[in-house]
Every structure is written in C-alpha cells, then in structure tokens.
Amino acid sequence: MIDLQRIRTDKKAVVDSLHKRGLPDAEARIEAICKLDREKRATQSELNTLAATLNKLSNQIGHLLRSEVETTILEAKKKAINDLKERIKALKQQSKTHTSSLLEQLYALPNLPHQSVPIGKHADDNLIIYETPLNPSSGQLAHWDLIKKYDLIDFELGNKITGAGFPVYKGKGAKLQRALVNFFLDQAEKAGYTEIQPPILVNQQSAYATGQLPDKEGQMYHIPLANLYLIPTAEVSITNIYRDTIVATTALPIKHAGYTPCFRREAGSWGADVRGLNRLHQFDKVELVQICHPDDSYAHLERMLAYVQGLVEQLALPYRVLKLCQGDLGFCAAMTYDIEVYAAGQNKWLEVSSISNFETFQSNRLSLRYKDQNKKSCLLHTLNGSGLALPRILASLLEYHQRPDGIAIPKVLRPYTGFHIID
RNA sequence: GGAGGGUUGGCAGAGUGGUUUAAUGCAACGGUCUUGAAAACCGUCGUGCUUUUAAAGGUACCGAGGGUUCGAAUCCCUCACCCUCCUCCA
C-alpha cells in the first residue's frame, strides 16, 4: 500500500509513476483519494472538538453531583449533551465510511516502481542482465518423458487422488526433491538465514498484509469453514510474523528461510503451454524473506540475487537473470529480478525465482516499523526471493543433466541423494 | 464437543460507573554521585490521528465489534484468542 503521506506530499510523482506502470486513470484515482483524505480529516477535526465539549460537560456533571445542586441545572447540561450526541454519532459514522473507503482505494493501487526499473509494457521488454551461453544440442527429452522413463513422478495418480496439477513423486524422484530442499535450506543457513517452519494456512488479515488480498482474490485456495487461505508462498506466513511490530535497528537485517508447500489455483493461466512440472497447483519451495532498513535494502536485494544465482550455479544449470520492466512488475514490487533456468528438452526458460524489493508497500500494510534517531516510527523495507522453487528446478535438472546412461546428479546434491545417477 | 476461569502499557500487576489525567513494581533511557562500574537518589518513559513554526494541546485506543449511560477498563450482548478440567485424537 502506497504511503498516504507520500501521496499528499508528492502527488505528481506518484501519478507519473502509476502511469508508467500502466494505470491510465491514475490521476483520477489519486485525486479521489486526496479528496477523501481531506474530507476525512475535516470530519475528524470536528468530531474531536465536539468530543472535547462532551467530555468537559460530563465531568462537570460528575462534580456537580458531589456537591448538592438543583436537578434543573443537571437536566439542562444533560440536554446539551444529548444534542451533541446526535451530531457526534453522525460524524462517527461518516468517519468510519471515509476510513474504509480510503483504505479500499489505497489497497487497489499497485506499488510504485523504483526509478531504475526499465520502461516497458510486456515481458518482452524485460532486461536480460545475464545469460549463460548455451551449447547447441539436440535429441534431448523433455522432463515428462524422462519422468516416465525412470518412473520418478506419477501425474495420473495425482489426478486420481486430487486432480490435475497435484503430482505424486515416487522413489528417486521423491528423494531428489527432498535432497534439493535440504540442500537449499542448508545453503540458506550458511548465508545467515534463520530457518522457519510456518503455518501453511493463513487468516484474511495476513493475506491482506502481504498484498495477496484483495488483488489476487480467487488465486488462492480458500477454506470457507475456517475462513483461512492456503498460502501461495511462504512469504505470506513468514513476513506476517512481523505484522504490528517495531523492530530494533540493531536486529536488522532480519533474514529468514522457510520450506513449505505452496498452493495456487492458477485460474485463467492453465493453457497449452503447461505440461509436466511447468505449472502446478501444489509445489514445494524454499522462500527467503528479509526485513531491511530503507537505507540498505537495495544492497541486500543485490546480495540476495547473487546468493540465488550461486544456488543455480552449484546445480550446474544454465540460467539467465531478468530485470523486470515496469509493466511486468508484480502488484506489490518496486523492483524485481527473475531467475530463469534453461530446460534443454523443451528449449525453454523456466522461472524459478522472483527476487523483489517491496520497499514500504508491505510494511505499511503490516505496520512493520523501526524507530529512527528522533524516536519517530518509520516503515521498514521487506524483500523476498525464492531460493528456490522445486518443480521447475527438477525439470531443468532432469532435462539438462540427462546422459545416454541416465541422469547425472550434480555433485553438491550427491551427499543428499546418496546416489550419483538416475538410471 | 462439554464445564469453568481469563485477555489492562516492553513485562508483571492494581483498578467493579465520575479528581483515573490507568496506580504501583520491574525493565529501558537521561542525570547526580564515582577513577570506572554497581548501589542509592532525581528525572523521563505507550500507540495512532490531529492542531501548532515550536512549546504545548485535542482526540481515540484497556482482546475485536456493538449496546446501556450525562459519563464505561468497569455494566449488557456478539465474536476471537488464551488457561484449567472432562471428552476425543497424531
């Protein structure tokens, strides 16, 4: 959520920024917010004055009761208060309407892109900032063929038990996935991330605080009986640990890593492009979350990117790094790097990590703050990145490391798998 | 699922309708004293919104939301969460 203070003081810049993001009616929306804000404050001001009068009169009655006075004086004061109360009630109602309406309109606005984010409207406009040179190859099988050949994952069984997009991992397939999870968690620990095992169901408030609601309503699985949502990413549960907190600056940056299953309905994005492990309703992911001081959040973003690149390199997979353009940026992000690994059998790049700085967008909703030198509460910056998402890593690994005699397990994983090859 | 008890500032904890402006203690911060520290003593010490150049005010907040009342932390209703016992359970 964009800081209202920023909209007040820097209206033009906010509007310009939202235009670039592809909001043609940005000006009208910001104007509406400013108007509402002014009305809200005027209402609040009047309400405060009336409440002060009421409090004063009530106190007087209290004092008068202790000294014996004629009831007519008391009745007169009571009547004066009763007249006030009508107006106060109306103002309270009005103030409530203003607040909820203002919040609703603020919730609907995406974050403002960082000034260095490339201009552009579509995924084609994303900036490729690194790409592993590829050797030409042919005859590589796609992972869905390899999975069948070596009996690693059963999609049909998943269909039977649950439905499409819920695969069953078996034997070496299951073990390879577990090895990857452990490898990622151990690496994260070494890099200073404290491990978290969070709940995978969250309440509505949590989903609002990290920005999944109201923007992505319908993309999460919802359990109406308990009014809870299945998390689409561990980011939601882990970041919400810090909802409504003031963090000591000495504790910054806070770094967490968490492994959870993730659940996504993927409504509307289920198409021809989706086969095998490329897009699932349930998948595993190790997520990295950081809470940083605004002054150094971008330095930490770069470090997080370098860390995730290191993971892919250790798995000996070709990859590329994209800096997302303004139009392709996620709703909450101010800047995002995507890491895509190469899937040799499909001749395709698959996104396995999205590394973003949300600046104060989430912390504003979370009310996650620190105290500056003047003891003033200021919003912190939140960052997160996948480190990494499992199925597409698995897909790329199978396709890229396939040999005539089987699939070679990257060296770093062998202590975790206990085998060198899948044959 | 059943019965009972609870939720007050960073923490502990008083407060059952009106000088409560939420006591007190601990912790924290500043100071005096000290070579330095501890102890002792003095002072400061919640959050949001808002008025103001500032100093200083106003207002709201005692789990959440409603209600009663001139006035609610206090009384009533609804909900959430926590604890104890019973029941069930990995």
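Within every chain, numbering begins at 1; the chains are lettered A, B, ... in the order of the sequence lines, protein sequences first and strands thereafter.
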J.: Can we call the ring centroids of A:H222 and A:Y229 under 6.0 Å apart?
T.: yes
J.: Parallel, tilted or perpendicular, judged at 30° and 60°: which one describes the rings of A:Y298 and A:H114?
T.: tilted
J.: Is the shortest side-chain N to carboxylate O distance from A:D16 to A:K20 below 4.0 Å?
T.: no
J.: Of A:T49 and A:R369, whose closest RNA chain B nucleotide lies nearer the 5' terminus?
T.: A:R369
J.: Hey, does A:L57 reach any base, or is it just sugar-phosphate, or nothing, if we go heavy atoms under 4.0 Å?
T.: nothing
J.: Provide the Watson-Crick or G-U wobble partner of B:U59, both distances under 3.5 Å; none if there is no partner.
T.: B:G48
J.: Could you give the distance separating B:U16 and B:G71 at their C1' atoms, to the nearest angstrom?
T.: 16 Å
J.: Taking B:U20 as the reference, what is the distance to B:C26 when you measure between their P atoms (whole Å, please)?
T.: 22 Å
J.: Tell me what A:N55 touches on the nucleic acid: a base, only sugar-phosphate, or nothing, going by heavy atoms under 4.0 Å.
T.: sugar-phosphate
J.: Hey, what's the ring geometry for A:Y107 with A:Y208, parallel, tilted or perpendicular (30° and 60° as the breaks)?
T.: tilted
J.: Strictly by Watson-Crick or wobble contacts shorter than 3.5 Å, is anything paired with B:G25, and which nucleotide is it?
T.: B:C11
J.: For A:N111 and A:C332, indicate whether the former's side chain and the latter's backbone hold a donor-acceptor pair under 3.5 Å.
T.: yes
J.: Here's a test of your reading of the structure: between A:K85 and A:G62, which maps to the more 5' nucleotide of RNA chain B?
T.: A:G62
J.: Using the P atom in both, what is the distance from B:G5 to B:C77, to the nearest Å?
T.: 13 Å
J.: Find out whether the Lys NZ or Arg CZ of A:K172 is both under 6.0 angstrom from the six-membered ring centre of A:F419 and within 45° of the ring's axis.
T.: yes
J.: Provide the distance between the two P atoms, one in B:U78 and one in B:C42, to the nearest whole Å.
T.: 50 Å
J.: May I ask which nucleotide in the shown strands pairs with B:G18, Watson-Crick or G-U wobble, both distances under 3.5 Å?
T.: B:C70
J.: Looking across every strand, which nucleic acid part, if any, lies under 4.0 Å from A:S377 by heavy atom: base, sugar-phosphate, or nothing?
T.: sugar-phosphate
J.: Say we look at B:A56 and B:U19: how far apart would their C1' atoms be, to the nearest angstrom?
T.: 23 Å
J.: Work out how far the P atom of B:U44 is from that of B:G63, and round it to whole angstrom.
T.: 27 Å
J.: Consider the side chain of A:N82, meaning its heavy atoms from C-beta on, and name the nucleotide among B:C70, B:G66, B:C49 that approaches it most closely.
T.: B:C70
J.: Hunt down the Watson-Crick or G-U wobble partner of B:C81, both distances under 3.5 Å, from any strand shown, or write none.
T.: B:G6
J.: Using a heavy-atom cut-off of 4.0 Å across all strands, would you classify A:K40 as base, sugar-phosphate, or nothing?
T.: nothing
J.: Just compare B:C70, B:U59, B:U47 and give me whichever is closest to any side-chain atom of A:K371.
T.: B:U47
J.: With C1' as the reference atom in both, quote the distance from B:G9 to B:A23 in angstrom, rounded to an integer.
T.: 13 Å
J.: Under a 3.5 Å limit for both distances, which nucleotide forms a Watson-Crick or G-U wobble pair with B:U32, could you say?
T.: B:A40
J.: If you measure from the C1' atom in B:U24 to the same atom in B:G58, how many Å do you get, rounded?
T.: 28 Å
J.: Given B:U59, B:G48, B:G71, which nucleotide is nearest the side-chain atoms of A:S58?
T.: B:G71
